[in-house]
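Note: hydrogens, waters and symmetry copies are ignored here, and every other heavy atom, side chains too, is used. Note that the numbering runs from 1 along the sequence shown for the chain.
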Amino acid sequence: MWVVRYLLSAAVQRGHPGLLRRPLGSLPERYHRYLHCTCCWSSRISIADIDSTVCKDEPKSLDDCYTPEQRTAILQILNSASEDELAGVKLLRGQKAINIVEYRNRNGPFRDLESIVNVPLLKHKTATVVFNSIICPQEKKDKRKPRVQIVKFIRPEVDRSALKEANSIVSIICGTNKIAWAHVDRALTVLNWQQEDCPNFMRGAYMASAYLEDVTTVVSRMPAADLFVVEKPGISLQNTSLYSVMAHLRTVEAMLFALLGAPGEPGATPKVVNMMRVAVGRHFGLMVGEARTSGARTVRDMMTDSATRKAPRVTFPHELLVRYRNAFQVGTRNRGEELCDALLQAVAFYELLSE
């Protein structure tokens, strides 16, 4: 500490100009300070010249930023578009579009672009984005996932042209205690739709004779069709708690292939095929991660459209609408999931083929 004091006192005595004293006869140094413009923050003026200098970068009017042709195109949209049409413009979805229509109804059409700032929630910055979007609309990118290709989800592999030759199919779903099927033609008209209880399923030691009795009874009641489509469930092999269910489904599946698939010539198109359950779930947007949710609501909407629209997605006979009108209610113990899945699989089969 005493060293610092000695150096400072010596410097003062010698009049060192670089430390605490200025050279004799020198004037005090003048440091220039500046004020920045709050409008643009790029212009600055010296405090000494504050009385004589004015910011030159004043904000322009919105009308000065566009050509007469552009102003005409923007005003035409603002003065004639409905709420739904305005919602398609960037930043105008929701309350902003409503405010524009209300302002237009109350004050008349917009006479210039600058008057848009009188609309609530629309100021200069937002208005500029809106106007640029009207002049140069951006093409919306389709972010949806690509549609599944049916050939990749049919086993055994069958040529697409051979699948298209099927005028009608029977879509079959195997449950733990029942089998459901839907007979649907190429026009998506439901010809038959029902399910049968199988009392011997998952009972005792999975007796082959008992299983064969139940499956044979169900097959005898199925209508004739060009193709039989059996659901291939996606059960993870890592879930050991579902091994008994997997063994049950594979047993029923093998019996259905044996009973429905009459032996034909080598190389002929098979009569029975599997369709992956996940393909149907993706087609109807029923997948949540790797799991598939219930399709009961989708089926109810199809039935409602069949009764109310002239050109429904799926056509149901009147007797089937009456029979199942209350079969798929949310909250009931049995919502007929197998029936729903059988119908959705048949619809997905034909719709994926038509793409």
When clusters are formed from ILVMFWY side-chain contacts under 4.5 Å, directly or step by step, what else is grouped with Met207?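 ILVMFWY cluster around Met207 holds nothing else.
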Hydrophobic side-chain clustering at under 4.5 Å (ILVMFWY, transitive links): who's grouped with Tyr66? Put none if nobody.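 Result for Tyr66 is Leu62, Ile74, Leu75, Ile77, Leu78, Leu86, Val89, Leu91, Leu92, Ile100, Val101, Tyr103, Phe110, Leu113, Ile116, Val117, Val119, Leu122, Val129, Val130, Phe131, Ile134, Ile135.
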Could you pull out all residues at least two apart from Arg277 that satisfy salt bridge (Lys or Arg N to Asp or Glu O under 4.0 Å)?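 By the salt bridge (Lys or Arg N to Asp or Glu O under 4.0 Å) rule, Arg277 matches Glu231, Asp341.
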Residue pair Leu212, Ser209: steps toward the side chain to side chain contact (heavy atoms under 4.5 Å, CB included) verdict: CA-CA 5 Å; Leu212 182 60; Ser209 58; 5.7 Å; no
Quick test of your reading: applying salt bridge (charged side-chain N to carboxylate O under 4.0 Å, His left out), list the pairs with at least one residue in residues 206-225, sequence neighbours left out, ordered by first then second residue.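 Every salt bridge (charged side-chain N to carboxylate O under 4.0 Å, His left out) pair that includes a residue of residues 206-225, provided the two are not neighbours, is Glu196-Arg221.
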What residue pairs, at least two apart or across chains, pass salt bridge (charged side-chain N to carboxylate O under 4.0 Å, His left out) with a residue in residues 245-259?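 Listed by first then second residue: Lys232-Glu253, Arg250-Glu253.
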Do [X] and [Y] have side chains that approach each other closer than 4.5 Å (heavy atoms only, starting at C-beta)?
| X | Y | answer |
| --- | --- | --- |
| Met202 | Val245 | yes |
| Leu286 | Leu344 | yes |
| Phe316 | Met302 | yes |
| Val184 | Ser171 | no |
| Glu85 | Ser82 | yes |
| Thr128 | Cys65 | no |

If you apply the rule side chain to side chain contact (heavy atoms under 4.5 Å, CB included), what do you find for Thr126 with Leu121, and how did you get there? CA-CA 8 Å; Thr126 304; Leu121 303 179; over 6 Å; no
Taking all non-hydrogen atoms of both residues into account, name the closest pair between [X] and [Y] and its distance.
| X | Y | answer |
| --- | --- | --- |
| Gly261 | Val272 | N-CG2, 3.5 Å |
| Pro312 | Asp305 | CB-O, 3.6 Å |
| Arg203 | Pro199 | CG-O, 3.4 Å |
| Gln195 | Leu339 | OE1-CG, 3.5 Å |

Given Gln345, Arg155, Arg282, the one that forms side-chain contact (heavy atoms from CB on, under 4.5 Å) with Met276: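 Considering Gln345, Arg155, Arg282, a side-chain contact (heavy atoms from CB on, under 4.5 Å) with Met276 is found only for Arg155.
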Those residues that, when tested against Thr251, pass side-chain hydrogen bond (donor to acceptor under 3.5 Å, both in side chains) (two or more places apart):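 Thr251 satisfies side-chain hydrogen bond (donor to acceptor under 3.5 Å, both in side chains) with no other residue.
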Distance (rounded to the nearest 0.5 Å) between Glu338 CD and Gln194 CD: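 If I round to the nearest 0.5 Å, the distance is 14.0 Å.
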Could you measure the distance from the NE2 atom of His283 to the OG1 atom of Thr298? Nearest 0.5 Å is fine.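 Output value for this atom pair is 10.5 Å.
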Worked check of side chain to side chain contact (heavy atoms under 4.5 Å, CB included) between Leu163 and Phe349: CA-CA 9 Å; Leu163 296 176; Phe349 176 87; 4.2 Å; yes
Run Thr304 and Asp301 through side-chain hydrogen bond (donor to acceptor under 3.5 Å, both in side chains) and show every step you take. CA-CA 5 Å; Thr304 302; Asp301 292 341; 5.3 Å; no
